[in-house]
Amino acid sequence: MVKRSLQGSLAGIQQAKKAFAHKGWTQENLAFEVNLKTRQPIWRFFTGRPIERHIFIEICSLLSLNWREIAANPPEEFPESKELDAAEFLDIDALIQQVRSQRFDKIQDQCGTLQLLDVTRPVRIDDIYIDLNILEEIASLQWLEFADLQNFTSKEFDCFGLGEVSQTQMAGITAVQTYSKLRVLGKPGAGKTTFLQHLAIQCNRGRFAANRVPIFVNLRDFANETRVVGEFHLLNYICEDFLTCGISDPPSVLETLLLEGRVLLLLDGLDEVLYQQSKGVVNEIRRLSEKYQKNMFVVTCRTAAKALNLKRFTDVEIAPFTQEQIVAFAQKWFTAVTKPNIQDKQEQAVEFIKKLDLPENLQFRRLAITPLFLHLACWVFHHQNKFPTQKTAFYKQCLDLLLGKWDETKAIERDEVYQGFLLPQKLKLLSQVASATFEQGNYFFEQRIVEQYISDYIGDLPNSSTEPEELELDSKGVLQAIELQHGLLAERVRGIFSFSYLTFQEYLTARKIVASYNLQALEQPLERLVTHITEPRWREIFLLTVAMLRSADFLVLLMKQEVEALAAQDPYLQKFLTWTSQKSLAAPDSAAIRAFYLALARTPHLTPYFALVCIFDQDIFLDAALDNLVMECKSNFADVYGCNDALSSALAIVQDAGLHQALQELKDLLPDPEQSRESIQTWWQTSYPAWMEQLKTAIAKHRNIQHHWDFSPQQQQVLQEYYNANQLLIDCLNSNCEITDIVRQEIEASLLLPIKELSKPE
């Protein structure tokens with residue numbers, strides 16, 4: 001058997017002392033590097049006393065010495081790679097196969113299944129796993145000026161830092177093959193642990209790194225074990241695991257595998273280690289990776305904990321899911337997670353993807369780039385066969401998950417930097433940050449700004465410190481905790497933060513608005529909100545706010561007043577609205593008819609598509625066809641065939657005899673298409689202007705449609721804002737919010753009316 005302790009020879013000790021002096025270390029320095037709590041083993045080494053074998057070898061390694069030259073009577077049977085042929089392990093490949101065979105069931109049991117959130121049974125990793133992509137550039141390490149990010153649109157925000165713009169993505173397994181020492185970073189729920197489990201299973205089956213032994217270590221469990229044994233020694237921890245698999249003499253076997261470079265060491269959850277233990281764990285990983293460089297090391301860690309630096313490791317970051325990955329995940333999810341008796345699983349997956357891509361579900365799509373939230377979206381859709389109209393409950397579930405439940409499900413114990421903060425307090429703090437930054441138009445904000453918001457909040461708490469220096473330190477700690485533990489705030493580039501998802505900034509902003517349950521206290525924030533009714537980026541805030549209010553009557557009435565005021569002072573726009581009102585008098589759904597004619601005047605080239613939606617109304621269909629006729633004759637003034645066809649289509653549906661006769665006479669005035677090109681061109685130059693005016697006059701006389709609304713650029717902008725704001729108001733009414741019937745009917749009846757008709761006595 002291999003000796004368990006070693007001691008230095010007289011000559012070896014002298015050589016070691018010279019090397020030690022050359023390093024310029026103290027015995028305390030050397031003890032720290034060897035990861036010892038005391039310097040007693042160092043003293044014993046230099047005095048020629050026996051010490052544990054692995055400590056003796058580690059000391060020699062750090063002093064750049066060959067331990068065999070230092071040791072007295074070094075054991076010949078000690079398994080180093082050069083001696084394996086003569087030692088007890090004659091065939092390293094046979095040893096690998098033996099160890100893999102003995103540990104096969106352990107790895108399958110440890111890594112072969114996942115316990116998905118809210119799913120009562122484990123799911124086989126093969127049934128749910130989707131190959132991940134990684135980014136070789138860490139976005140938060142970039143240097144950019146704040147001014148470079150200030151004018152980002154919501155779409156640009158969604159793309160920024162996600163590898164969709166300029167970064168090249170690499171398959172995760174390719175990254176492991178490329179870099180022997182790899183640290184994989186990612187947000188909460190990005191799939192870091194699942195990725196490591198997948199690597200372990202693939203290696204266990206010989207489909208990846210078939211000449212290596214996979215070892216999966218949960219670093220949180222390792223650190224907890226360290227509390228008991230009192231020292232960080234990862235090899236001892238792994239040896240205990242080997243022992244449970246029936247491997248005899250685990251230290252020798254493990255040492256042999258490591259020296260031969262035949263281990264795939266998968267270390268999960270560096271960020272989950274408590275702060276007071278993290279330094280010891282990092283040092284142990286560094287020590288092992290430097291001593292046994294020929295092996296493959298993969299460590300996972302949340303992006304926010306990247307400060308836990310691992311020397312000589314390459315940092316990469318998990319990329320968000322692409323559209324193809326979302327589709328693949330959904331197909332696997334609905335097959336693997338739904339109950340066995342559920343029929344048409346793939347049909348539900350197809351329907352999920354189809355509805356996820358609809359514009360009204362953009363907020364769900366924003367979140368679905370992360371496996372955790374994609375799983376939640378699938379879960380909700382599976383039970384309802386649709387996405388919820390009121391999204392606030394889903395967002396609240398996501399936030400509750402990030403703010404505590406996710407760590408609880410994984411039994412992670414965190415350093416509670418802001419101890420005493422309950423979930424409502426965390427939500428209140430984040431709502432204040434979200435509201436303040438969103439109102440200023442900032443999706444991105446400097447670190448000092450967000451720390452000041454946090455400091456202001458902490459300063460208002462009971463028993464908080466009044467010392468500026470202490471408040472500054474506390475705010476830095478809280479920001480770090482929010483970023484690391486919850487992933488809700490993220491450092492996008494150095495010193496510049498944002499909410500990790502725009503959806504959460506919007507939800508928390510709306511939550512801040514409705515935080516007061518007293519109607520009188522609500523009036524002021526709601527009045528401020530409606531001043532943003534023409535700004536597209538506030539659209540989601542309105543929809544979320546109206547959904548969260550116990551009674552939305554006051555808000556929708558405020559919105560209605562603000563909408564009416566947009567065009568109230570312009571006589572020409574009021575004249576136009578009066579015309580649309582006249583066109584709708586005989587219609588049962590007069591508001592919809594007014595909306596059609598408003599669109600007809602603003603964007604006539606779109607009216608044929610609008611008419612298809614309103615095909616049930618013969619008058620609207622006819623007016624759309626006539627408007628299309630005018631547009632055809634304008635845009636194709638040299639195309640006799642085009643004008644003939646457009647007139648024929650209109651004549652086919654006109655029932656009014658006078659209009660039919662006028663259009664037929666105009667059709668007869670068109671030149672014969674068989675005439676020469678020169679004759680037709682002459683007709684268009686001499687007769688076309690008067691012919692076109694006759695066409696417009698006939699349509700105006702018989703259908704009261706004007707084609708000469710001459711809006712100025714400013715009026716066009718006001719009309720567009722007026723139309724969009726009315727559409728937003730309608731969307732709010734249709735969002736299943738709490739509105740009384742009398743208020744709903746009042747608003748619906750008065751949509752798009754001119755001011756003079758709104759003020760008529762009933």
Side-chain angles (χ1 to χ4, degrees), residues 149-160 358-367 389-392 394-396 399 427 430-445 449 453 498-516 521-549 551-568 717-739 747 751:
L149 306 175
Q150 276 186 297
N151 297 320
F152 268 44
T153 64
S154 60
K155 185 175 182 179
E156 290 170 329
F157 175 90
D158 288 337
C159 293
F160 181 74
L358 294 176
E360 59 264 31
N361 293 322
L362 173 62
Q363 282 65 35
F364 292 107
R365 177 67 177 77
R366 284 173 173 171
L367 294 174
T389 305
Q390 289 192 343
K391 305 167 186 174
T392 53
F394 181 78
Y395 299 157
K396 183 179 184 303
L399 285 173
L427 286 169
L430 289 165
S431 297
Q432 290 191 8
V433 174
S435 175
T437 53
F438 194 89
E439 286 182 3
Q440 294 171 5
N442 294 332
Y443 296 136
F444 300 93
F445 30 87
I449 298 297
Y453 291 137
S498 76
F499 278 85
S500 52
Y501 302 90
L502 178 57
T503 296
F504 291 146
Q505 187 179 16
E506 293 170 337
Y507 169 80
L508 290 165
T509 299
R511 188 184 181 280
K512 174 68 164 60
I513 293 171
V514 301
S516 300
L522 261 176
E523 289 184 7
Q524 189 173 1
L526 292 179
E527 287 169 354
R528 282 202 307 270
L529 173 63
V530 297
T531 63
H532 299 290
I533 200 167
T534 60
E535 300 175 46
R537 73 186 193 89
W538 282 83
R539 170 182 167 77
E540 193 64 20
I541 308 297
F542 278 94
L543 292 170
L544 291 169
T545 302
V546 80
M548 282 191 271
L549 287 169
S551 171
D553 285 1
F554 183 70
L555 175 56
V556 293
L557 288 172
L558 281 179
M559 292 173 67
K560 185 68 168 62
Q561 293 173 14
E562 193 74 15
V563 170
E564 291 165 358
L566 292 174
Q717 180 180 348
V718 171
L719 203 58
Q720 181 69 56
E721 291 177 346
Y722 178 78
Y723 182 84
N724 292 343
N726 271 288
Q727 183 62 58
L728 174 58
L729 180 56
I730 293 170
D731 290 342
C732 287
L733 293 177
N734 295 334
S735 65
N736 293 327
C737 58
E738 296 296 328
I739 300 176
I747 292 176
L751 285 169

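Numbers here simply count residues along the sequence, with the first being 1. These values consider heavy atoms only, across backbone and side chains, with no hydrogens, waters or symmetry-generated copies.
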Practice problem: Say whether, by atom type as modelled, one donor and one acceptor occur between the side chain of T545 and the main chain of I541 under 3.5 angstrom. | Solution: yes
Quiz item: Are F364 and T503 close enough, and set up right, to give a side chain to side chain contact (heavy atoms under 4.5 Å, CB included), and what steps lead you there?
Solution: CA-CA 8 Å; F364 292 107; T503 296; over 6 Å; no
Quiz item: Of all residues at least two apart in sequence or in a different chain, which pass the side-chain contact (heavy atoms from CB on, under 4.5 Å) check with R539?
Solution: L543, L728, D731
Self-check item: N/O donor-acceptor pair under 3.5 Å between R537 side chain and F438 backbone
Solution: yes
Practice problem: Using a strict cut-off of less than 4.0 Å between a Lys/Arg side-chain nitrogen and an Asp/Glu carboxylate oxygen, indicate whether K512 and E439 qualify as a salt bridge. | Solution: no
Quiz item: Atom CD of E540 and atom CG of L502: how far apart are they, to the nearest 0.5 Å?
Solution: 9.0 Å
Quiz prompt | Residues in salt bridge (charged side-chain N to carboxylate O under 4.0 Å, His left out) contact with E721, at least two apart in sequence or another chain | solution = none
Quiz item: What distance separates K396 NZ from L427 CG, expressed to the nearest 0.5 Å?
Solution: 7.0 Å
Quiz prompt | Derivation and outcome, side chain to side chain contact (heavy atoms under 4.5 Å, CB included), residues F554 and L526 | solution = CA-CA 9 Å; F554 183 70; L526 292 179; 3.7 Å; yes
Self-check item: With sequence neighbours excluded, residues passing side chain to side chain donor-acceptor pair (under 3.5 Å) with E562
Solution: none
Quiz item: Can you name the closest pair of heavy atoms from C737 and C732 and give their distance?
Solution: SG-O, 3.2 Å
Quiz item: With sequence neighbours left out, what residues match E360 under side-chain contact (heavy atoms from CB on, under 4.5 Å)?
Solution: L358
Exercise. With sequence neighbours excluded, tell me which residues meet side-chain contact (heavy atoms from CB on, under 4.5 Å) with T392.
Key: Y507, L544, A547, M548
Quiz prompt | Min side-chain heavy-atom separation Y722-T534 under 4.5 Å | solution = no
Exercise. Could you list the residues that satisfy side-chain contact (heavy atoms from CB on, under 4.5 Å) with I449, not counting sequence neighbours?
Key: E446, Y453
Practice problem: Could you list the residues that satisfy side chain to side chain donor-acceptor pair (under 3.5 Å) with Y395, not counting sequence neighbours? | Solution: none
Quiz item: Can you name the residues that form a side chain to side chain donor-acceptor pair (under 3.5 Å) with N361, not counting sequence neighbours?
Solution: none
Quiz item: For the atom pair NZ (K560) and CD1 (I747), what is the distance rounded to the nearest 0.5 Å?
Solution: 7.5 Å
Self-check item: From CG (L566) to CD (Q720), nearest 0.5 Å
Solution: 12.0 Å
Exercise. Can you run down the salt bridge (charged side-chain N to carboxylate O under 4.0 Å, His left out) pairs that involve residues 524-533, sequence neighbours left out, and say none if there aren't any?
Key: none
Quiz prompt | Contacts of T437 that satisfy side chain to side chain donor-acceptor pair (under 3.5 Å) - sequence neighbours left out | solution = Q505
